[in-house]
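Written out below as structure tokens is the structure these notes cover.
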Amino acid sequence: MERREGMDFIRERVWRDVQSGRYSGRVATRFPPEPNGYLHIGHAKSIALNFGIAEEFGGVCHLRFDDTNPETEDMEYVESIQRDVRWLGYEWADKQFFASDYYEQLYQLAERLIVEGKAYVDSLDEEGIRRCRGTVTEPGQPSPYRDRSVEENLDLFRRMRAGEFPDGAHVLRAKGDLAAPNMKMRDPLLYRIRHFAHYRTGNAWCIYPMYDYAHPVSDALEGITHSICTLEFENNRAIYDWTLDNLYGEPRPHQYEFARLNLDYTVMSKRKLLQLVEEKHVSGWDDPRMPTIAGLRRRGVTPEGIRLFCRRIGVDKTNSRVQIEALENAIRDDLNARAPRVMAVLRPLRVTLTNYPAGQVEWLEAEYWPRDIDQTGSRRVPLARALYIERSDFSLAPPEDWTRLVPGGEVRLRHAYVIRCDEVVTDPASGEVVELRCSYDPDSLGKSATASRKRSTAIQWVAADEALPVEVRLYDRLFTVPNPDEGEEGKSFKEYLNPGSVEVIGRAYVEPVLAEAAVGSRYQFVRHGYFVVDSDSGGSLLVFNRIVDLPDAFASKLAGKGREIRQPVAQPAEGGVGSISDERERVRAANPWLASRYAELTETLGLTPEQADPLTGSEEVVRFLDVVLAAGASVRAAANWINNDVLRDRKGRSMAELPFSGADLGELLCWVDDGTLTTAAAKRVYAEMAAGQGTPRAIVARLGLDGSVSEGELAAMVAQVLAMLPAKVAEYRSGRQNLLGMFTGQVMRLAGAKADPRQVQQLLRQQLAEEPTGCGEHPTEMSDR
RNA sequence: UGGGGGAUAGUUUAAUCGGCAGAACACCUGACUCUGGAUCAGGCAGUUGGGGUUCGAAUCCCUGUCCCCCAGCCA
């Protein structure tokens with residue numbers, strides 16, 4: 001783990017914690033599904049993140065079932081989750097846990113919170129609690145039960161556990177802050193009464209902990225270091241921290257949030273997926289159109305393909321929607337190297353080779369792999385007088401650039417002969433083409449194409465009588481719109497279901513060699529896509545699922561353009577009222593002294609309103625400014641430095657808490673004003689001051705910023721930098737002027753802050769302008785001039 | 001509306017805490033090909049708007065805009 005470059009923000013956090021020894025170098029993550037549904041591709045992102053981090057940092061990842069709600073959870077889901085995580089290629093060994101195993105500890109810890117006066121039993125009903133919670137703009141009101149004694153709370157809580165009360169009679173709540181702007185902190189619920197048999201603990205409990213309480217404690221119990229969850233839990237972090245700060249000390253687990261995955265043309269919420277299953281819009285959780293892990297597996301996608309996809313989409317905090325093409329492409333990239341090629345005809349058109357002897361069958365050698373795949377192997381394919389080719393490989397009226405078969409034209413049968421279409425037989429009634437009568441060129445087998453045949457495509461085919469009839473299921477996106485969750489007003493996501501999301505071809509033909517294909521084996525049907533043998537195969541009938549099709553450059557060209565481009569939303573023109581500056585304006589309106597100082601700054605001291613505004617928002621800032629000015633600094637410098645640097649460092653504190661005084665800053669600014677220090681040097685000094693490293697005078701002395709670099713020294717450093725970057729120098733000379741900033745940065749790093757960047761740039765321009773002495777290809781030699 | 005989070009090519013994302021805006025997918029050209037696949041070469045295209053500080057800003061300051069989350073005894 002040397003390089004942090006390219007790490008997502010969570011890995012970077014973990015990396016820093018490992019470096020700093022925050023957890024003695026330990027890394028423990030967890031994947032915490034609730035067993036109330038099947039895992040989907042969004043979970044795969046989380047699984048890859050949590051297990052991936054554990055692998056990369058030599059840590060562990062726990063599989064924990066977050067089962068705190070008996071009403072929705074079930075063993076079936078536990079088993080499906082185990083199966084899916086394992087299938088994705090992750091191993092948790094003995095690190096499998098259940099929140100339900102912690103019920104007793106959770107309960108004891110809750111009693112402790114009660115004893116410490118941090119939790120209470122509330123006897124308000126659901127409606128009452130809701131009313132007392134307030135709204136996002138109004139604070140909540142305390143429940144009349146909030147001030148019960150510890151004894152009473154303890155007694156009630158124990159009787160809750162003992163089953164003395166019906167559902168909803170009481171709850172245990174944390175004593176939070178009812179006025180907290182974060183709604184989650186307004187006395188969050190810790191326990192509720194549920195007389196409901198739990199799938200693991202049966203009737204042992206009738207009170208169940210809430211997520212916000214059970215989750216952090218479970219993390220702590222297991223020694224988790226980094227608790228990674230999705231963005232919608234950001235507000236819950238406050239309770240997470242509250243719980244663990246009260247029950248455990250540092251080092252303790254901390255929560256980090258990332259954006260969940262959204263995929264175009266599908267839905268990703270468990271509720272909606274459950275609906276699709278229960279209402280039979282799909283055949284089950286493992287319907288090949290479902291974004292579930294089970295569905296993807298049935299579809300024929302490999303775990304490696306899914307992991308490749310997860311790697312490519314990355315991890316961030318930005319809400320995003322990933323294009324379905326990204327998934328499809330990862331799947332293809334994975335399958336390309338592992339699926340042998342075979343021929344299949346999905347929509348057959350009969351071809352008779354008129355000059356091929358009836359009754360003769362010729363078995364031709366055919367490679368399984370194209371040249372560019374590093375695998376070998378072949379099978380034999382039967383050729384006979386009667387064949388099928390793809391209907392779409394023949395055209396009576398071909399579009400421009402057509403390279404397949406036309407009347408009178410030739411085409412290569414893949415792995416076999418070149419044929420010519422001599423006659424087209426049509427159904428007199430419908431006009432439909434029913435048969436092609438062709439002649440083959442016996443001399444064309446294995447011969448490379450002659451110039452005249454060069455532009456023909458090699459099409460797939462099967463021998464009509466020898467081919468194996470199979471069922472083929474072609475899957476397409478489940479929904480007709482990219483985001484079914486956000487359709488028109490009042491429309492359910494189900495109204496966007498794609499009626500053509502599956503097409504079953506009851507009788508397609510494949511090479512006889514596939515007769516022995518096992519369930520789950522994957523092939524590329526040449527020019528069609530990747531297919532897998534479905535578990536519905538049985539008896540004499542094989543069933544193939546299309547996993548993903550192949551890009552078809554010709555088809556997309558014919559269709560016109562590529563995918564539609566989403567228009568960015570137009571931004572309304574500016575206007576409106578700024579809240580922070582508004583606030584300052586209100587302050588000034590109520591404070592004549594501030595108002596007069598604002599007027600003075602703008603009218604007689606030459607500041608713009610934008611500069612004067614932040615300076616006059618409070619009296620302490622104005623007083624600070626006065627001290628800076630008294631020390632002799634110019635108004636302009638004082639205003640800029642206070643606005644851009646001091647106010648940032650003060651954030652959330654008072655001016656008095658700054659580790660330096662106005663006089664210090666004034667002194668520093670004087671040196672800038674009179675040229676003693678460069679701006680760059682002053683920034684450096686200021687940074688030290690802000691870090692509490694002493695007075696400006698002391699810092700200048702300590703860093704050796706007094707005095708200056710001689711022009712000669714500087715010129716030498718410039719030359720040295722240019723010598724180290726010959727390629728960049730060449731680029732610059734050929735016109736990439738914006739490299740000057742990079743050169744400047746390099747020299748400044750070498751010279752330290754006391755060099756004047758303006759002087760550096762002047763020297764750089766000079767040296768770079770000098771002609772490369774006739775050795776443009778060897779710019780290294782330019783260094784010592 | 002209070003609070004929390006977010007905004008970099010069409011999409012998903014990098015950029016060593018102020019110094020070369022880089023990649024992948026998509027799209028377009030071309031080469032190659034017994035898959036209109038793959039591969040290879042090239043191209044199009046970006047810092048949410050406006051001001052400021054600085055030699056230099058995606059990054060710092062000010063000020064707008066847009067998007068997401070929170071008022072379950074779900075997780």
Side-chain angles (χ1 to χ4, degrees), chain A residues 3-6 34 36 66 68-69 71-72 126 129-130 133-138 140 167-168 171 180-184 186 189 191-194 210-211 215 231-236 257 259 312-314 316-323 325-326 329 332 336 341 370-373 401 403-404 412-415 448-449 456-460 524 526-527 550-555 557 561-563 565-566 568-569 571-576 578 580-581 608 610-611 613-614 640-641 643-645 647-648 679-680 683 728 731 736 738-746 748 756-758 760-761:
Chain A
R3 296 159 59 80
R4 284 186 303 157
E5 202 177 327
E34 185 191 9
N36 68 346
D66 214 349
T68 54
N69 182 359
E71 294 176 44
T72 56
E126 212 169 327
I129 288 177
R130 195 177 7 256
R133 191 149 29 214
T135 68
V136 287
T137 49
E138 309 157 57
D167 287 4
V171 291
N182 179 355
M183 299 291 293
K184 295 281 182 192
R186 322 249 261 228
L189 274 65
Y191 269 92
R192 77 284 212 185
I193 301 173
R194 272 292 166 281
M210 302 288 290
Y211 165 86
H215 201 84
L231 246 32
E232 66 269 26
F233 292 99
E234 245 162 350
N235 293 324
N236 302 56
E257 309 88 12
R312 285 183 184 173
I313 58 175
D316 198 22
K317 292 188 77 137
T318 309
N319 291 307
S320 57
R321 299 194 66 78
V322 176
Q323 295 173 344
E325 286 88 342
N329 197 271
R332 287 190 197 103
N336 180 37
R341 275 58 168 177
R371 207 188 350 274
D372 51 294
I373 302 292
D401 294 332
T403 56
R404 289 112 98 166
R412 160 78 69 180
L413 295 182
R414 188 171 159 86
H415 302 303
S448 54
S456 137
T457 297
I459 64 172
Q460 71 273 22
Q524 186 195 100
V526 168
R527 301 210 294 139
L550 251 25
D552 186 343
F554 184 66
K557 192 181 193 174
K561 288 285 151 272
R563 62 175 282 119
I565 287 165
R566 283 186 229 151
V569 271
Q571 305 245 336
E574 62 186 278
I580 300 174
S581 107
T608 64
E610 289 78 13
Q611 286 173 307
D613 173 37
N640 282 339
W641 280 72
N643 279 342
N644 286 315
D645 299 276
L647 256 23
R648 167 192 50 203
T679 313
K683 291 245 172 189
K728 296 296 180 186
E731 276 185 61
R736 253 187 96 191
N738 63 349
L739 285 171
L740 190 67
M742 187 270 296
F743 291 131
T744 311
Q746 297 292 324
M748 290 300 291
D756 177 4
R758 254 173 290 218
V760 169
Q761 292 192 336

Across the strands shown, which category fits [X] at heavy-atom distances under 4.0 angstrom: base, sugar-phosphate, nothing?
X	result
A:S320	sugar-phosphate
A:D401	base
A:I313	sugar-phosphate
A:T744	base

With the sugar-phosphate defined as primed atoms, P, OP1 and OP2, and the base as all remaining atoms, what B/S/- string results for nucleotides 67-75 of chain B, 5' to 3', for protein heavy atoms under 4.0 Å? -SBSBSBSB
Kindly say if [X] contacts the phosphate of [N], meaning a side-chain N or O under 4.0 Å from OP1 or OP2.
X	N	result
A:N738	B:G56	no
A:T457	B:G36	yes
A:R527	B:G36	yes
A:R758	B:C55	yes

Is it the case that [N] (base atoms only) and [X] (side chain only) share a donor and an acceptor within less than 3.5 Å, ignoring hydrogens and angles?
X	N	value
A:T318	B:G6	no
A:R312	B:U12	no
A:N644	B:G52	yes
A:Q524	B:U35	yes

Identify the nucleotide, in any strand shown, that forms a Watson-Crick or G-U wobble pair with [N], with both distances under 3.5 Å; if there is none, say none.
N	answer
B:C66	B:G6
B:A57	none
B:A23	B:U12

On RNA chain B, compare the nucleotides closest to A:G314 and A:A553; which residue's is nearer the 5' end? A:G314
Ranking A:P370 and A:F743 by the position along RNA chain B of their nearest nucleotide, the one closer to 5' is A:F743
In whole angstrom, what separates [X]'s [atom1] from [N]'s [atom2]?
X	N	atom1	atom2	answer
A:Q323	B:U11	CD	C1'	4 Å
A:R736	B:G19	CZ	C1'	12 Å
A:N640	B:U53	CG	P	6 Å
A:I459	B:U35	CD1	P	13 Å
A:L647	B:G52	CG	P	19 Å
A:Q460	B:U35	CD	C1'	8 Å
A:F554	B:G36	CZ	C1'	8 Å
A:E325	B:G37	CD	P	16 Å

Using the rule given for side-chain contact (heavy atoms from CB on, under 4.5 Å), can you reason through A:R404 versus A:I459, listing the C-alpha separation, both sets of side-chain angles and the distance that settles it, and then say yes or no? CA-CA 8 Å; A:R404 289 112 98 166; A:I459 64 172; 4.2 Å; yes
Taking only the side-chain heavy atoms of [X] (C-beta and beyond), determine which of [options] contains the nearest atom.
X	options	answer
A:K317	B:G36, B:G6, B:C20	B:G6
A:R341	B:U33, B:G37, B:C20	B:G37
A:M748	B:G19, B:A38, B:C25	B:G19
A:R414	B:U35, B:G2, B:G36	B:U35
A:K683	B:C34, B:G37, B:U53	B:U53

Nearest heavy-atom neighbours spanning A:E34 and A:D66: CG-O, 3.4 Å
Show the nearest heavy-atom pair for residues A:M210 and A:L189, with the distance to one decimal. CG-O, 3.4 Å
For the residue pair A:N329 and A:R312, establish whether any side-chain heavy-atom pair is separated by less than 4.5 Å. yes
Under the side-chain contact (heavy atoms from CB on, under 4.5 Å) rule, what do A:R194 and A:N69 come out as? Steps first, then yes or no, please. CA-CA 9 Å; A:R194 272 292 166 281; A:N69 182 359; 5.7 Å; no
Where does B:G51 land, syn or anti, given syn is within 90° of 0? anti
For a side-chain contact (heavy atoms from CB on, under 4.5 Å) check, start with the C-alpha distance between A:M742 and A:R736, then their side-chain angles and the critical distance, and finish with the verdict. CA-CA 11 Å; A:M742 187 270 296; A:R736 253 187 96 191; over 6 Å; no
